[in-house]
Amino acid sequence: MTTDMSELADVLARRAKVAGGRAVETIPVILALADAAARLAAFVAQPSADGSHGAYVGAANSDGDAQRKLDLVAEEICQAAARASGVGPYLSEETEAALTLDPAGALAMAIDPLDGSSNIAVNGVIGTIFALLPAPPGSLATPALAFAQPGHAVIASGFFMYGPQTRLVVSLGAGVDIFALDPDTGRFVLFESAATVPAGGREFAINASNARHWAAPVRRYIDACLEGADGPRGVDFNMRWAGSMVADVYRLLGRGGVFLYPSDARSNYAQGRLRLVYEAFPMAFLIEQAGGRAIDGHDRILDLTPSRPHQRIPLILGEAEEVEVLRRLHADDLGAPSEGPASRRGAA
Ligand code: AFP
């Protein structure tokens, strides 16, 4: 299917004018990714009698996760689009180390080509998450340097969501726009502009099966939500957990609420599950552009500087007011005996 990028290109050009800086340089890359996403959406939609799309194939990725067929297809399609649009340093969940694609590339791309892949086998929503950053001096020779920048270096970010519709949520630093792919015309049409995270959503997204492993601040927050109108919040809350971050974060845009993937006491979860560079940074940039906030429990995500490309980070994002409640609970907990993982500061 050929994709018609004219409307997407026009809107991005207008946003880049408002955003200024290097935003305009990201447009060709985002258009190339949109074309890649349209092809990936078509691939995902193909009937697969034996569920082979979700079949495990190939070696494990940097995380040790067995890679599924679609993960590999998504990586190939996204990496080719990045290379074709002049991206220099490139880091993907599916690449062990950072690569240099275009030896003269001025932009770096951090990407999770297929987030939520455990949902493939159940026909759930999956997505592609990306962030675009400047390629700092020396990073074409040493691409890892591009992914040692603090989150506020992000110039643009977004995610594609492969669900009942294929949608693109994107920001160049001048607010958040949502596009929908019209499968009949191959056009990405503007679905919503200036998307926001409204206050008062009264909805939280967390994998509640891990409750016994949570640190005290998260347990206090969730317990208060569960007590609802009978408890300190004085109002009932709803819960959602799609097991696919693109779906859970998309819901915040328009419905409000808060998403949490905190650290917990399970082994390997001391820094949560999500990756700082190609999951937390892109989502934090978007949510802040939509008027929300994103923290690791204490600090603003976009103020963090990665120590390793595939570093994990606890992630709390959504409505500014709810994130502030959680930040205060974590601050009050500092120094108090933590019943969960070693407390963040002062731990051995
Ligand atoms: P997969 O890509 O392995 O399916 O992981 C998806 C994800 O990184 C993120 O999209 C979800 O929010 C989170 O993991 C779900 O984690 P749990 O399975 O522990 O709930």
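Indexing begins at 1, ligand by ligand and atom by atom, following the structure's order. Side chains included, hydrogens not; waters and symmetry mates left out as well; all remaining heavy atoms used.
A side-chain contact (heavy atoms from CB on, under 4.5 Å) with L317 is found for exactly one of L326, L260, L252, I301, namely L252.
Residue S117 touches ligand 1 through backbone and side chain together, judged by heavy-atom distances below 4.0 Å. The proximity of N210 to ligand 1, defined as any non-hydrogen pair under 4.0 Å, does not occur for either the backbone or the side chain.
Ligand 1 has no nitrogen or oxygen under 3.5 angstrom from a nitrogen or oxygen of Y269. The shortest N/O to N/O separation between Y261 and ligand 1 falls below 3.5 Å. The shortest N or O to N or O distance between N119 and ligand 1 is not under 3.5 Å.
Residue-ligand proximity, L274 to ligand 1, at heavy-atom distances under 4.0 Å covers atoms 8 (O), 9 (C). Set against the non-hydrogen atoms of W241, the atoms of ligand 1 under 4.0 Å away are 12 (O), 15 (C), 20 (O). Taking a cut-off of under 4.0 Å to the non-hydrogen atoms of G116, the atoms of ligand 1 that pass are 1 (P), 2 (O), 4 (O), 6 (C).
Taking both residues in full, the closest heavy atoms of Q289 and G175 are given as OE1-N, 2.8 Å, listed atom of the first, atom of the second, then distance. Pairing each heavy atom of P314 with each of S263, the nearest pair is CB-N, 3.6 Å.
Annotation: cation-pi pair R167/F160 absent, no NZ/CZ under 6.0 Å from the ring centroid and within 45° of its normal. Figure legend: R266 and Y269 shown as a cation-pi pair, the cationic atom lying under 6.0 angstrom from the six-membered ring centre and within 45 degrees of its axis.
Across the listed options N207, L315, D112, N207 owns the non-hydrogen atom lying nearest to atom 20 (O) of ligand 1. The heavy atom nearest to atom 13 (C) of ligand 1, considering only E93, M245, R273, M283, is found in R273.
A heavy-atom separation below 4.0 Å is not found between D248 and ligand 1.
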Please output the side-chain donor-acceptor pairs of residues 125-153 that fall under 3.5 Å, not counting sequence neighbours, one pair per line with the distance.
{"unit_1": "T128", "atom_1": "OG1", "unit_2": "P113", "atom_2": "O", "d": "2.6"}
{"unit_1": "T128", "atom_1": "OG1", "unit_2": "Y162", "atom_2": "OH", "d": "2.8"}
{"unit_1": "S139", "atom_1": "OG", "unit_2": "P136", "atom_2": "O", "d": "2.6"}
{"unit_1": "Q149", "atom_1": "NE2", "unit_2": "P134", "atom_2": "O", "d": "2.9"}
{"unit_1": "Q149", "atom_1": "NE2", "unit_2": "A146", "atom_2": "O", "d": "2.8"}

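Aromatic ring pairs are classed by plane angle as parallel below 30°, tilted from 30° to 60° and perpendicular above 60°; the pair W241 and F259 is parallel.
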